[in-house]
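To start, the structure itself, in structure tokens.
Bear in mind the structure is a predicted one, so any value in this text is a computation, not a measurement. Side chains are part of it too, since the values below use all heavy atoms of this structure and drop only hydrogens, waters and symmetry mates. In what follows, every chain begins at residue 1, and chains take the letters A, B, ... in the order their sequences are listed.
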There are 2 protein chains.
Amino acid sequence: MVDANQHHQQKQVLQPVLVLGPPLIFEHFESQYSHKYTFLKAFASSLPIEQFLETHRVDPTSIRAILCNPFQRVSAEVLRLLPSLGIVVTSSIGTDHIDLAECYSRRVQVATAGGLFSEDVADLAVGLLIDVLRKISAGDRYVRRRVDEFQPWNYPLGSKVGGKRVGIVGLGKIGILVARRLEAFGCRVVYNSRKEKAFVSYPFYSNVVDLAADSDALVLCCPLTEQTYHMVNREVMLALGKEGVIVNIGRGALIDEKELVQCLMEGKIGGTGLDVFENEPNVPKELFELDNVVLSPHAAALTLECFNSTCEDVARNLEAFFSSQPLVSPIMDA
Amino acid sequence: MVDANQHHQQKQVLQPVLVLGPPLIFEHFESQYSHKYTFLKAFASSLPIEQFLETHRVDPTSIRAILCNPFQRVSAEVLRLLPSLGIVVTSSIGTDHIDLAECYSRRVQVATAGGLFSEDVADLAVGLLIDVLRKISAGDRYVRRRVDEFQPWNYPLGSKVGGKRVGIVGLGKIGILVARRLEAFGCRVVYNSRKEKAFVSYPFYSNVVDLAADSDALVLCCPLTEQTYHMVNREVMLALGKEGVIVNIGRGALIDEKELVQCLMEGKIGGTGLDVFENEPNVPKELFELDNVVLSPHAAALTLECFNSTCEDVARNLEAFFSSQPLVSPIMDA
């Protein structure tokens, strides 16, 4: 047993970590690492960071580390509040929620969760594509609605997975894993990427409209940047056509979501499987009525295995930072 | 234009085909082939076959062909009613609904729909496994329920597909296709089959309890026979364990369904994806309440591509039979 005074003294030497938004892993992480760090849970407060720190009598200069997830922005304003900040650790692969330019100019390191994400994200991408083509979620709804019996001959036909031309947008770590899986189903892979990749033989398209025109489905696997914002616009959707399917496991704003809703409602595209949305956690209400849409709660990396490895990655990156060692999975070094 | 009399005369030469239960393809098939065959739609009547024929003044000895689907039994009684019967064509791969022994002793040929089914069935098997492990249908329900926002951090974690040991029960045409797909996800395939297969290197288990004990998931791909009836019983489910997943794209009665419901409700197994049920079209009501269950309306072969090829297979088998040629996809020759 530790008495209150000892406990207080012990706490003094713990490194403070500002937690912006609960990383999915946070509850578990906290229980494992509260002997090393004092977690300042800004996510549990509705106050802006500056007032949060004031209210909790935390000296902003004492904070050297931020822990975050993709659902809260780490803005230039937040970064400027914390002059001693040395690292932002995110429990995601994506970093579009972090002002990287400001991090760079302030020499703040940025670490992401490592590579175990990629397989899980690729699995969900393929799962969503099969689901939309083969109407799995819709079929499940159909059976549950009938209450005690179903009639297969009244059920709408799905579309075969094999033989489909699938256009992968962004042939990085995740895109390659999606491609390898789809090949096993007999799909034909084509892709768009910033540059043609020397190590694959899949046909390359330098622009997304041409890719869409030659594809039965698009799978979006690229990061969100200024260049990729709304890259899937109405023109791309019309090129994809009325049987075409779009799967998005990247970021919501890769698609012009208003146009997507419009195209779905007008039957200009065939269906969509979305793990991400433009204004999370809001999902356009119109989508709830559509049977050719599969909605996933940004769950591409939500597996127990990924959760455990993310906890380890976050811990190892924080540990490395506080002991002045090289980060385990940096995207930006000081 | 054909006048009523001509039309009547023309009809006299059409071969009658007794249609038991609407094959999924039937409406389309009828529109294409009504110039060749007179379809006697027993499925549209609630009468027993004998009375149906009487009521429609059809001479039982005039009927040489039956067209059926897996949802109606072609029993010995029905076969005995039709002394001139020469062929039963089913729009399925499975033939467990047909009394094959009686067909054999009466020298009635049996033709199934050809091989295009296999890929679609394998795709759905893999789709269901991904869905159960990664909670895709459950996630879709979750997002749709929240009406306007979701919170990923409140969402239960799924389970990684890669690394799972998947026990395939029945390594035939479909089982092999399932195995090849799962390998691309990094799953480890093990199997049970009547005999060990020389052409694969996957570990073989001669009994299903041992297979279940060493597997994270079972995928049932075998036909329903006296030997496979209720092969997945309580003992197998307990061996599979509380994280274990069962996917069934074979036939409902491969599983002791009452025990399955019991094991799911007691948390003795982790989840299940079912395309088939023991008493179709009835589905046990208890399953409707469970979030770790994906229910599919016997839709494994319900794709547009498969529909078209099945129509062709049925037509070619009937054509071959009536012109005394060898069947295209026989499972039993006269």
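- Looking at Phe185(A), the atoms closer than 4.5 Å to chain B (heavy atoms on both sides) sit in the backbone and in the side chain alike.
- Here the CG atom belonging to Asn308(A) is positioned 11.5 Å from the NZ atom belonging to Lys160(B), to the nearest 0.5 angstrom.
- Between the Asp140(A) side chain and the Leu295(B) main chain, a donor and an acceptor come within less than 3.5 Å of each other.
- Of all heavy-atom pairs between Ala184(A) and Arg180(B), the closest is CB-O, 4.0 Å.
- Between the side chain of Arg134(B) and the backbone N or O of Thr303(A), no donor-acceptor pair lies under 3.5 Å.
- By number of non-hydrogen pairs under 4.5 angstrom with chain A, the leading residue of Asp120(B), Val161(B), Leu304(B) is Asp120(B).
- Between chain A and the options Leu290(B), Leu182(B), Asp275(B), heavy-atom pairs under 4.5 Å are most frequent for Leu290(B).
- Classification of Arg181(B) and Glu183(A) as a salt-bridged pair fails, no side-chain N sitting under 4.0 Å from a carboxylate O.
- Rounded to the nearest 0.5 angstrom, Ser159(B) OG and Leu302(A) CG are separated by 12.5 Å.
- Between the NZ atom of Lys135(A) and the CG atom of Leu124(B) there is a distance of 13.0 Å, given to the nearest 0.5 Å.
- Taken from CG in Leu157(B) to SG in Cys306(A), the straight-line distance is 9.0 Å, to the nearest 0.5 Å.
- When every heavy atom of Ile136(B) is checked against every heavy atom of Ser137(A), the shortest pair comes out as CG2-OG, 4.2 Å.
- Only the backbone of Ala301(B) has a heavy atom closer than 4.5 Å to any heavy atom of chain A.
- At least one side-chain heavy atom of Arg141(B) sits under 4.5 Å from a side-chain heavy atom of Arg144(A).
- Within the 4.5 angstrom heavy-atom criterion, only side-chain atoms of Asp131(B), from C-beta onward, approach chain A.
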Apply salt bridge (charged side-chain N to carboxylate O under 4.0 Å, His left out) to the pair Glu305(B) and Lys164(A), showing each step before the final yes or no.
CA-CA 11 Å; Glu305(B) 291 84 350; Lys164(A) 292 281 184 298; 3.1 Å; yes
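- For Leu287(B), the part lying near chain A is the backbone, with the side chain staying farther off; criterion is any non-hydrogen pair under 4.5 Å.
- Considering only heavy-atom pairs separated by less than 4.5 Å from chain B, the leading option among Ala122(A), Gly158(A), Gly273(A) is Gly158(A).
- Shown here for Ile130(A) and Asp123(B), the closest heavy-atom pair between the two residues is CG2-O, 4.0 Å.
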